[in-house]
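In what follows, every chain begins at residue 1, and chains take the letters A, B, ... in the order their sequences are listed.
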Amino acid sequence: MDLSTMNKEQLEAIKATEGPLLIMAGAGSGKTRVLTHRVAYLLDEKQVPSYNILAITFTNKAAKEMRERVDKLISEDAAKMWISTFHAMCVRILRRDISYLGYDTSFSILDPLDQQSVVRDILKTRNLDTKQHNPRSILAVISNYKNQLIKPEQAVAEAAGFQDELYSEIYKDYQEILYRNSSLDFDDLIMLTIELFNRKPDVLNYYQTRFQYVHVDEYQDTNHAQYQLVQMLAAKYRNICVVGDSDQSIYKFRGADIQNILNFEEDYPEARVIKLEENYRSTKTILDAANAVIDNNTERKPKNLRSNKGDGVKIDVNVSFSEREEGQRVVQKVQELSDKYSYGDMAVLYRANAQSRAVEDAFVKSSIPYKMVGGTKFYSRMEIKDLMSYLKVIQNPFDDISFQRIINVPKRGIGAKTIDKLRAHAEQLNSSIYDAIRDADFLGIPAKTVGKLMSLLQVLDNLKEKSKYLTMTELVDEVLADTGYHDMLSSDKTLEARSRLENLEEFKTVTREFDNDNPIADDNLFNFLSDMALVSDQDGMDDNSGVTMMTMHASKGLEFPVIFVVGLEEGIFPSRRVQFDDQELEEERRLMYVALTRAMDHLILSRAESRMLYGKTETNMQSRFLSEIPEELLESAGTMAAGFSGGSGVTTGTGSSFARGPKKRSRIINTNKTGTAFNVGDKVSHKAFGEGIISQVKGEGDNTELDIVFKTAGPKRLLANYAPLEKKD
DNA sequence: AACTCTCGTTTTTTT
DNA sequence: AACGAGAGTT
């Protein structure tokens, strides 16, 4: 193994194999390289059996990459080493021993949509309104409990106040339902692994003994439960190496606790701390900008990240009139740079997925190949969810959540009433819908429907048999054929149905890949489902062919020669919701820091003066983050109106005709829609509400809101732009 | 039971 | 603007 290219600190980190070690790795400081070499060093130089090594990452991608890179470095095969995500690791552990906790080993893993339907069900049975109690926020509370390792009983006991009491009760219901369905959500995977370890010390001891060397990547992103899990695993040998950068902590919203990394030295007083501060990725200009921005955070340990490269070129800043023009500017720049860089060398980053639209449109129009990471998720498409539900039910018949999804898809004439009866019966039996169907005869379900249910059961049982000897690809085909799902879509000639069929076809590339890696075994289906549950849309498509589009969050850990950051506007980034919360604001700033430090050579920042987002046009000032970059690092031409906090004089790129063309067009579209002007006192008539009088006019242009008192329908607030209104004289 | 339409909500980020 | 839940209709 060649360590000659390592700098002093890197080398130190690689060789400090014994005892606790904290590697504070700044962006682009060769963190992954150090980690992989460290593992390789353990294997090759220290002769540690691969069996004794554990490395935990947050994404599948990181895990995969790490394994590949380690494999390249070492002489022997390291198949027995565990390199996996927290969640995949826990699935593996639970799969062996979850029966100690009373769960079935063929448990399903719920995705967020499934979770929602469980919560909705609970709200329904409790006669609660989903409008007053938002399922998503309830799930956030539940997730919080689990991250804090608080069990339902404890949550209920400690609840104070009406909402706490209610939500903790819902948590309890939720957890019971999951248990009955042999289903776990993501947070359960961690929480239950810890519970397993607590209840079965010998199981814990097995893993403690096995994993003599524990590594955790992105340690700043661990939540309390994950932290706890790591502590347990490393308690015996205390050979724990954590790597992270507190400036890149951007997942607080899902429970990440930055204190985990900040307190490492207290947790392990004997710990060594090594700082990697030499950046090999970005030009000095880019790094200076990133450092200047992050320097505005008060709650941070100062760090001195040095560039290893030259100054490079200045940072481009574009100010556009609209988000459409912003997209066109990106395209223009992409084309400019495309003789020097391939499309795969470039990435466009944005704060929220909703912003991707305008950029995507521009790419489509100019036929520039692109790929989007995340966003409208492939795996949450209806047809994919349906197929997965079939597979889940075949694997785990107790999974009522999936069963209810597919029981009448395609339409089999099994309606809400029948399902209600089955559910009630299943509850009485303390069993599943699948089982309840066997008693359908006695439940007052019409004979015709009973027949349908029976034949469905037959089909599923058959498929279960088939699953034992078919490849996943074959099984998917059989499922689609036997259940009538394929026929349902192919007989429907709409464009939508056709695209759904295409998606299912696309899905088979995933199964094919799985089949290639996995010879047929008894538990093929289980393994496939486990993999799938933990796979995100970010994984897979590794092709290097187009410009990458993704959220800044998704970009963490990646690097590109050319990076675009769009939507640098107050209210967008930083997001409106955090503008007045200092802590949240610092988290956003770290996100900006992450985004900037993804770039190697070129950084192009842009903002739009007005933006149509979520159905309305808004005008925003320049993002404070943009203003925080020293002017001398920016490429400017011409002058524009000042931005946030006095503005640093950031300007348009060219002020050329390019900027004006779309400007006009957008304006025309806006005025066309608005049409008539409305004033207080005007009499109007509305398609549905009838006659009324305008009592107030708020906002302007697209945003004009009208308060109207209707004769019969009473007072309403309407958007002038969209309401079917006619002015009367 | 299936379909259609309307209404209201949503929009941060995700393993 | 887009989407989904729920109500109302056939």
Side-chain angles (χ1 to χ4, degrees), chain A residues 56-63 84-91 109 111-113 115-117 120 123-124 129-131 134-137 139-140 143 147 185-190 218 221-223 225-226 249-256 349-358 373-377 379-380 382 408-419 446 448-449 452 533-539 550-556 567 571-579 584 587-588 590-591 594-595 611-618 673 687-688 702 716-717 719 721-722 724:
Chain A
I56 308 174
T57 64
F58 269 85
T59 66
N60 298 300
K61 200 172 181 176
S84 84
T85 63
F86 270 103
H87 300 271
M89 172 180 82
C90 290
V91 168
I109 299 169
D111 71 16
L113 271 118
Q115 291 178 277
Q116 275 218 21
S117 57
R120 276 177 197 284
L123 290 174
K124 213 175 209 171
D129 191 0
T130 49
K131 275 153 203 160
N134 177 267
R136 286 189 39 183
S137 38
L139 278 168
S143 176
N147 289 161
D185 63 22
F186 283 123
D187 299 319
D188 280 338
L189 293 173
I190 316 281
E218 308 281 14
D221 287 335
T222 49
N223 63 33
Q226 289 161 335
S249 163
I250 54 174
Y251 283 112
K252 185 174 167 218
F253 68 93
R254 61 175 201 210
L349 310 184
Y350 33 80
R351 176 67 235 265
N353 276 309
Q355 290 169 254
S356 67
R357 186 83 173 245
V373 176
T376 335
K377 292 182 177 139
Y379 294 112
S380 55
M382 186 177 84
N408 199 31
V409 181
K411 302 268 184 304
R412 306 187 168 90
I414 300 167
K417 286 220 166 126
T418 304
I419 296 173
K448 206 171 150 193
T449 315
K452 310 251 189 203
L534 303 177
V535 153
S536 70
D537 296 87
Q538 319 224 7
D539 311 308
M550 62 189 150
T551 63
M552 300 179 205
H553 280 89
S555 75
K556 191 157 68 100
I572 303 289
F573 184 44
S575 163
R576 182 147 304 123
R577 309 185 170 202
V578 311
Q579 274 176 317
E584 300 264 11
E587 172 121 339
E588 294 272 296
R590 289 194 290 271
L591 187 57
V594 168
R611 171 178 303 273
M612 171 86 121
L613 200 62
Y614 309 134
K616 49 186 169 186
T617 306
E618 48 189 43
K673 263 193 188 169
K687 203 173 134 199
D702 271 354
K716 302 275 174 199
R717 178 166 296 169
L719 278 175
N721 211 19
Y722 299 111

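- Between the NZ atom of K452(A) and the P atom of dA1(B) there is a distance of 11 Å, given to the nearest Å.
- Atom CE of M612(A) and atom P of dT10(B) are 20 Å apart (whole Å).
- Within the nucleic acid shown, T57(A) has no heavy atom closer than 4.0 Å to any nucleic acid atom.
- For L123(A) against P135(A), the heavy-atom pair with the smallest separation is CD1-CG, 4.3 Å.
- Comparing dT13(B), dT11(B), dC3(B) by their nearest atom to the side chain of K411(A) picks out dC3(B).
- Proximity of N353(A) to the phosphate of dT11(B): no side-chain N or O atom is located under 4.0 Å from OP1 or OP2.
- Between the side chain of R590(A) and the backbone N or O of S249(A) there is at least one donor-acceptor pair closer than 3.5 Å.
- A donor-acceptor pair under 3.5 Å is absent between the side-chain atoms of S575(A) and the main chain of V578(A), judged by distance alone.
- Spacing between atom CG of L534(A) and atom P of dT14(B) amounts to 17 Å, rounded to whole angstrom units.
- Put simply, CD1 on I572(A) is 12 Å from P on dT13(B), counting in whole angstrom units.
- As a whole-Å value, the separation of R357(A) CZ from dT10(B) P is 20 Å.
- For T551(A) and dT14(B), the shortest distance from a side-chain N or O to OP1 or OP2 is below 4.0 Å.
- When each of R412(A) and F186(A) is assigned the nucleotide of DNA chain B with its nearest heavy atom, R412(A) is the one assigned upstream, toward the 5' end.
- Distance alone, capped at 3.5 Å, is enough to place a donor-acceptor pair between the S555(A) side chain and the M552(A) backbone.
- With dT15(B), dT11(B), dA1(B) as the choices, the nucleotide that has an atom nearest any side-chain atom of K417(A) turns out to be dA1(B).
- Spacing between dG6(C) and dT11(B) at atom C1', rounded to whole Å, works out to 22 Å.
- A donor-acceptor distance shorter than 3.5 angstrom exists from the side chain of H553(A) to the backbone of I250(A), with no hydrogens or angles considered.
- N408(A) comes within contact range of the sugar-phosphate backbone alone, with a heavy-atom separation under 4.0 Å but no base atom that close.
- Residue-level contact check: D187(A) touches neither bases nor backbone, having no heavy atom under 4.0 Å from any strand.
- Separating the CD1 atom of I56(A) from the P atom of dT15(B) is a distance of 17 Å, rounded to the nearest angstrom.
- For the pair D221(A) CG and dT13(B) C1', the computed distance is 12 Å after rounding to whole Å.
- With N408(A) contributing its side chain and G413(A) its backbone, the two residues share a donor-acceptor pair below 3.5 Å.
- The aromatic ring of F253(A) stacks onto the base of dT13(B), its centre lying under 5.5 Å from the centre of the six-membered base ring with the two planes under 30° apart.
- R120(A) comes within contact range of the sugar-phosphate backbone alone, with a heavy-atom separation under 4.0 Å but no base atom that close.
- A416(A) comes within 4.0 angstrom of the backbone, heavy atoms only, and of no base.
- One finds no side-chain N or O of N223(A) lying less than 4.0 angstrom from the OP1 or OP2 phosphate oxygen of dT15(B).
- When the P atom of dT14(B) is taken as reference, atom CG of L139(A) falls 17 Å away, rounded to whole Å.
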